[in-house]
Amino acid sequence: MAGSAFLRQNGVRVGDRVSLEKGGRTEAVLVVGEFMQSNARVVAAGWSTLTALAPHEKPISYHVGLRDGSDPAAYARAARAADPGITPDVRGSNAITQTVMGSASALTLMPAVVASLGVFNTVVLNTRDRRRDLGMPKSIGMTPRQVTVMTVTSMAVLGAIGSLLGIPLGVAGYDLVVPP
């Protein structure tokens, strides 16, 4: 896996082969994924790539993914029993990732709420503005339910037109702002 900055700077895409160099050694690897990283020199490689490029380097940490249904506490006990110098951290998912995802969700929800309030305000103002126009159908026999259906239908048409215009414009704006 390679960082996004590495991929952009070197013109590489997922699925391409690249050569990594360290200390006069070269290893050809396949880019199998991308992760967010602003340092253009960062790649994440497997053990075989590390030993091929730097056979005398020692890892400073291991990231172990357990199978579903595995007991993390039992794994930690077994790892400590195998090597007392190991201090496994079994907190589960990354707290930073949870914080970022929670913040992104809140920041996504806030504009949606503001947009909903804007739509509601438009409907209320439009209905008040058309108060006399709505009185005419009521005077010729429309029930309050029919007037409500007529008003909601007219607002639904405006909403559908707004969605049909807003979604492609939002995608185009995203493509413009966020680099590929």
Side-chain angles (χ1 to χ4, degrees), residues 1-120 159 162-180:
M1 290 184 47
S4 50
F6 175 88
L7 295 177
R8 263 195 320 274
Q9 181 177 351
N10 297 301
V12 178
R13 294 188 178 278
V14 173
D16 291 351
R17 289 201 163 276
V18 295
S19 292
L20 300 177
E21 297 178 12
K22 179 163 174 64
R25 295 176 185 258
T26 304
E27 183 72 13
V29 296
L30 175 69
V31 178
V32 296
E34 176 181 359
F35 59 94
M36 290 176 54
Q37 178 60 254
S38 60
N39 185 346
R41 298 180 58 175
V42 173
V43 295
W47 186 255
S48 61
T49 304
L50 175 66
T51 55
L53 289 173
H56 302 296
E57 295 283 334
K58 301 289 184 204
I60 57 171
S61 67
Y62 296 95
H63 295 274
V64 178
L66 300 176
R67 290 186 186 145
D68 288 337
S70 298
D71 182 13
Y75 173 78
R77 284 191 300 275
R80 271 191 228 99
D83 185 354
I86 293 178
T87 55
D89 182 7
V90 292
R91 284 183 293 185
S93 61
N94 190 341
I96 294 172
T97 302
Q98 289 178 341
T99 302
V100 169
M101 293 302 292
S103 299
S105 298
L107 290 173
T108 301
L109 186 61
M110 287 170 33
V113 168
V114 170
S116 299
L117 290 173
V119 169
F120 178 73
S163 297
L164 289 174
L165 290 174
I167 291 172
L169 289 174
V171 169
Y174 174 84
D175 289 341
L176 183 67
V177 172
V178 178

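To the nearest 0.5 Å, atom CD of residue Glu21 and atom OG1 of residue Thr26 are 4.5 Å apart.
Gly11 and Asp16 make their closest contact through O-OD2, 4.4 Å (heavy atoms, listed as atom of the first residue, atom of the second, distance). Of all non-hydrogen atoms in Glu34 and Met1, the two that sit nearest each other are O-CE, 4.0 Å. Across every non-hydrogen atom of Leu66 and Pro72, the tightest pair is CD1-CA, 3.7 Å.
The number of heavy atoms from other shown groups lying within 6.0 Å of CZ (Phe120) does not exceed 12.
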Donor-acceptor contacts under 3.5 Å from residues 101-109 side chains, at least two apart:
| residue | atom | partner | partner atom | Å |
| --- | --- | --- | --- | --- |
| Ser103 | OG | Thr99 | O | 3.0 |
| Ser105 | OG | Met101 | O | 2.8 |
| Thr108 | OG1 | Ala104 | O | 2.7 |

Hey, can you pull the donor-acceptor pairs under 3.5 Å for the side chains in residues 38-49, sequence neighbours left out?
| residue | atom | partner | partner atom | Å |
| --- | --- | --- | --- | --- |
| Asn39 | OD1 | Arg41 | N | 3.0 |

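For the pair Leu7 and Arg13, the minimum side-chain heavy-atom distance is 4.5 Å or more.
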